[in-house]
Chemist: 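Below is a structure I'd like to ask you about.
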Protein chains: 2
Amino acid sequence: MDYKETGRGENRCSPHNLGIFAELGNDFLGILKNLESNSLNYAAPEAIYYAGEPATGVYILRSGHVKLFKTTSAGKDQIIRVVKPGEIFGFDGLVSELYNHSAVPLRQAEVCCIPVASLQSLGAHKAEVERLIMVRCIKELQHADERLLELGAKRSAERLASFLLEWCEGVAPDKWTPLVLSRLEIAQLLGLTIETVSRLFALWKREGVIRELHQSIQINDATQLKLRSLSN
Amino acid sequence: MDYKETGRGENRCSPHNLGIFAELGNDFLGILKNLESNSLNYAAPEAIYYAGEPATGVYILRSGHVKLFKTTSAGKDQIIRVVKPGEIFGFDGLVSELYNHSAVPLRQAEVCCIPVASLQSLGAHKAEVERLIMVRCIKELQHADERLLELGAKRSAERLASFLLEWCEGVAPDKWTPLVLSRLEIAQLLGLTIETVSRLFALWKREGVIRELHQSIQINDATQLKLRSLSN
DNA sequence: CGGCTAATTGAGAGACGTCAAATTTGGTGG
DNA sequence: CCACCAAATTTGACGTCTCTCAATTAGCCG
């Protein structure tokens with residue numbers, strides 16, 4: 001499969017796998033199909049959009065992962081959120097002219113792009129969509145609250161432990177979870193440096209709390225990790 | 001005026017000064033008046049709601065300030081947001097059972113409480129309200145993004161400088177702005193300690209960048225402060 | 001196998017936190 | 001108006017967590 005810029009498919013989004021909008025039922029899916037929504041493929045280093053660009057589209061992630069981040073005046077990145085398949089992102093355009101953050105795939109991402117203009121012309125279904133977006137927003141706000149607590153009130157080990165637990169949430173203890181983020185990206189997410197993240201990984205691997213193979217991780221001792229995610 | 005618990009007025013909210021909902025026009029204000037929305041007064045140490053309580057109401061702040069915060073397992077507070085008059089807060093109930101954070105007035109707060117149940121029975125106006133809440137949410141999400149950048153990627157001086165600039169935003173350079181937060185609360189907002197905040201204040205006052213009198217501050221050298229809010 | 005990038009590891013420095021004491025502030029009652 | 005008290009703030013000395021800088025190793029792809 002070719003995910004280069006030139007290889008990006010510009011097809012209609014199929015009604016399947018539309019994540020949040022699936023709740024709207026097939027009625028809506030039909031409508032959405034008639035919108036000029038495009039399915040787009042992105043590879044790792046290329047941006048879906050940059051902070052400050054005109055916010056023309058709302059995106060649904062269909063596969064892969066997307067990191068949303070802001071950049072300091074010194075060029076330091078802070079990852080705001082990692083988007084998982086089925087989730088929506090980039091809805092700044094519903095409120096403001098420009099995107100508030102940048103969006104880049106972690107490795108690869110297949111997204112469905114819905115122009116903001118299309119959402120305005122939904123007629124009877126507009127309210128439903130706005131309700132769904134409202135619900136999604138509130139949930140994200142709650143998630144942001146949690147992240148603010150992490151960054152503002154916790155130490156490095158607590159942050160990393162929380163992150164790993166969340167990342168591997170719902171995975172069987174003996175199963176491997178692909179760690180799509182590099183050390184740098186984990187550091188940028190947790191407000192730390194590559195080195196501190198690396199040291200904690202090394203320590204916990206030596207202690208047998210976690211395991212890592214290729215690009216995947218496994219939580220060996222969840223109890224211990226939960227312990228370390230708590231402020232003592 | 002008595003803001004003690006016992007002195008809390010339980011009147012209907014007048015249609016004036018309803019902040020975000022004002023956009024809905026008088027039509028809606030009439031409807032809102034018919035809802036069982038209560039005007040409530042709170043004084044500093046008493047909570048409007050606590051994290052984990054059933055999220056039964058949505059609030060509009062009519063006067064004063066409210067801090068929204070989460071508490072660590074170690075009892076450390078992180079202030080998520082400071083609510084200003086006209087703003088809405090506590091809309092977790094539209095999505096989840098329980099409040100996700102706690103809400104306490106900084107000094108005093110007059111709020112309008114709208115039961116979630118009432119919002120559900122708005123009929124034709126429900127969509128309008130949900131749209132307004134969606135818009136508000138997106139804006140708050142953008143604000144949260146900025147705060148995450150502050151906490152994750154900036155040093156103490158940069159955080160405090162940004163905060164002061166935002167707090168005094170739109171105030172004439174020779175006017176005083178009431179600093180409603182204590183040193184502790186500023187520290188809890190910025191993810192620092194009382195002492196570091198105090199030291200920075202002392203330094204900047206010595207340098208003549210800011211001034212402080214009673215509980216009010218004034219930015220003497222905005223250029224210098226902006227300089228210090230940027231990552232170097 | 002070479003060459004590049006990511007990750008690891010070590011040593012040292014610095015920013016911020018912690019602890020404790022001194023000082024100021026604001027409110028209260030004489 | 002002043003004295004007094006409790007709480008908030010300031011200030012200092014010190015500790016430590018995390019960053020910084022640098023060198024080494026591991027992983028990956030042609």
Side-chain angles (χ1 to χ4, degrees), chain A residues 2-4 43-45 67 72 74-78 106-107 150-161 163-164 178-207 210-217 228 231-232, chain B residues 2-4 43-45 72 74-78 106-108 150-161 163-164 178-207 210-217 228 231-232:
Chain A
D2 183 9
Y3 287 112
K4 293 289 166 51
K67 61 176 173 184
T72 281
K76 202 169 163 190
D77 286 349
Q78 174 66 35
L106 286 181
R107 284 180 149 57
E150 299 275 327
L151 293 187
K154 296 192 177 178
R155 351 205 100 272
S156 59
E158 297 159 359
R159 294 185 211 175
L160 184 59
F163 163 72
L164 289 177
L179 188 58
V180 192
L181 301 113
S182 68
R183 295 289 128 108
L184 175 59
E185 285 163 333
I186 296 176
Q188 290 171 340
L189 180 69
L190 304 179
L192 303 170
T193 57
I194 303 182
E195 292 94 329
T196 19
V197 172
S198 180
R199 274 183 252 268
L200 287 169
F201 263 95
L203 176 63
W204 293 350
K205 281 192 272 190
R206 273 199 300 275
E207 294 178 334
I210 62 173
R211 294 208 290 170
E212 192 175 27
L213 198 53
H214 299 130
Q215 312 268 346
S216 294
I217 54 165
R228 298 182 188 198
S231 314
N232 57 18
Chain B
D2 183 12
Y3 287 111
K4 294 285 165 52
T72 282
K76 202 168 162 190
D77 287 349
Q78 174 68 35
L106 285 182
R107 285 179 148 57
Q108 155 272 337
E150 299 275 327
L151 293 187
K154 295 192 178 178
R155 348 205 105 271
S156 59
E158 296 159 0
R159 294 184 210 173
L160 185 58
F163 163 72
L164 289 177
L179 187 58
V180 191
L181 302 113
S182 68
R183 296 288 128 107
L184 175 60
E185 285 163 333
I186 295 175
Q188 290 172 340
L189 180 70
L190 304 180
L192 303 170
T193 57
I194 303 182
E195 293 93 330
T196 17
V197 173
S198 180
R199 273 183 253 268
L200 286 170
F201 263 95
L203 177 62
W204 293 350
K205 281 193 273 190
R206 272 198 301 276
E207 295 179 334
I210 61 171
R211 292 207 291 169
E212 193 177 26
L213 198 54
H214 299 130
Q215 312 268 346
S216 293
I217 53 166
R228 298 182 187 197
S231 314
N232 57 19

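If you're wondering where the values come from, they're calculated on a predicted model, not measured in any experiment.
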Chemist: Scan B:E185 against the nucleic acid and name what it touches under 4.0 Å (heavy atoms): base, sugar-phosphate only, or nothing.
Modeler: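 Nothing, no heavy atom under 4.0 Å.
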Chemist: Under the rule for side-chain hydrogen bond (donor to acceptor under 3.5 Å, both in side chains), what residues qualify as partners of A:Q188, not counting sequence neighbours?
Modeler: none
Chemist: For B:S182 and A:L192, take the nucleotide of DNA chain D holding the closest heavy atom to each; which residue's nucleotide lies nearer the 5' end?
Modeler: B:S182
Chemist: Mapping B:T196 and A:A157 to their closest nucleotides on DNA chain D, which lands nearer the 5' end?
Modeler: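 Final value for this comparison: B:T196.
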Chemist: Using whole Å, what does the distance between atom C1' of nucleotide D:dT18 and atom CG of A:L190 come to?
Modeler: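 It is 14 Å, rounded to the nearest whole Å.
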Chemist: Check every nucleotide of DNA chain C for an atom under 4.0 Å from a heavy-atom of chain B, then give the first and the last such nucleotide from 5' to 3'.
Modeler: C:dA15 to C:dG26
Chemist: By side chain to side chain contact (heavy atoms under 4.5 Å, CB included), which residues pair with A:T72, not counting sequence neighbours?
Modeler: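 A:T72: side chain to side chain contact (heavy atoms under 4.5 Å, CB included) contacts with A:A74, A:K76, B:L149, B:A153, B:S231.
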Chemist: Given atom CZ of A:F201 and atom P of D:dA26, what is their separation to the nearest angstrom?
Modeler: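 Atom CZ in A:F201 sits about 19 Å away from atom P in D:dA26.
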Chemist: Output all residues satisfying side chain to side chain contact (heavy atoms under 4.5 Å, CB included) with A:R107, sequence neighbours left out; order by chain, then residue number.
Modeler: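 A:R107 satisfies side chain to side chain contact (heavy atoms under 4.5 Å, CB included) with A:V180, A:Q215 only.
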Chemist: Applying side chain to side chain contact (heavy atoms under 4.5 Å, CB included), can you list everything that pairs with A:R155, at least two apart in sequence or on another chain?
Modeler: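 A:E158.
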Chemist: Enter the distance from A:I186:CD1 to A:L192:CG here, rounded to the nearest 0.5 Å.
Modeler: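 So the gap between those two atoms works out to 10.0 Å.
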Chemist: Once side-chain hydrogen bond (donor to acceptor under 3.5 Å, both in side chains) is applied, do any residues pair with A:S182, and if so which ones, sequence neighbours excluded?
Modeler: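 Scan of A:S182 (side-chain hydrogen bond (donor to acceptor under 3.5 Å, both in side chains), adjacent residues dropped) gives A:E185.
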Chemist: Would you kindly give the NZ-to-P distance between A:K76 and D:dT18, to the nearest whole Å?
Modeler: 14 Å
Chemist: Give each protein N/O atom lying under 3.5 Å from an N/O atom of nucleotides 21-25 of chain D, with the pair distance.
Modeler:
from   : atom 1 : to     : atom 2 : distance (Å)
D:dC21 : N4     : A:E195 : OE2    : 3.0

Chemist: Give a yes or no on whether the backbone of B:L190 and the side-chain of B:R159 come within a donor-acceptor separation of less than 3.5 Å.
Modeler: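 Judged by distance alone, yes, a pair lies under 3.5 Å.
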Chemist: Measure from CG on B:L200 to C1' on D:dG12 and round the result to the nearest Å.
Modeler: 16 Å
Chemist: With sequence neighbours excluded, tell me which residues meet side chain to side chain contact (heavy atoms under 4.5 Å, CB included) with A:I194.
Modeler: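 With sequence neighbours excluded, A:I194 shows a side chain to side chain contact (heavy atoms under 4.5 Å, CB included) to A:R183, A:L184, given in chain and number order.
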Chemist: Mind calculating the distance between CD1 (A:I194) and P (D:dC19) to the nearest angstrom?
Modeler: 11 Å
Chemist: Throw together a table of side-chain donor-acceptor distances under 3.5 angstrom for residues 195-203 of chain A, partners on residues two or more places apart or in other chains.
Modeler:
from   : atom 1 : to     : atom 2 : distance (Å)
A:T196 : OG1    : A:T193 : N      : 3.3
A:T196 : OG1    : A:T193 : O      : 3.0
A:T196 : OG1    : A:T193 : OG1    : 2.7

Chemist: Measure the angle between the two terminal helix axes of the helix from C:dC1-D:dG30 to C:dG30-D:dC1, five base pairs each, and quote it to 10°.
Modeler: 40°
Chemist: What is the separation between atom NZ on B:K205 and atom C1' on D:dT11, rounded to the nearest whole Å?
Modeler: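 After rounding, the reported distance stands at 13 Å.
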Chemist: Measure NE2/A:H214 against C1'/D:dC29 and give the value in whole Å, please.
Modeler: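 So the NE2-C1' distance, A:H214 to D:dC29, works out to 15 Å.
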Chemist: Could you check how far CZ of B:R206 sits from P of D:dT10, rounded to whole Å?
Modeler: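 Computing the B:R206:CZ to D:dT10:P distance gives 11 Å.
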Chemist: Mind checking what makes side-chain hydrogen bond (donor to acceptor under 3.5 Å, both in side chains) contact with B:Q78, not counting sequence neighbours?
Modeler: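 With neighbours one apart ignored, the set is empty.
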Chemist: State, to 0.1 Å, how close B:L151 and B:G191 come at their nearest heavy-atom pair, and which atoms those are.
Modeler: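 Looking at all heavy atoms of both residues, the shortest contact is CD2-N, 4.1 Å.
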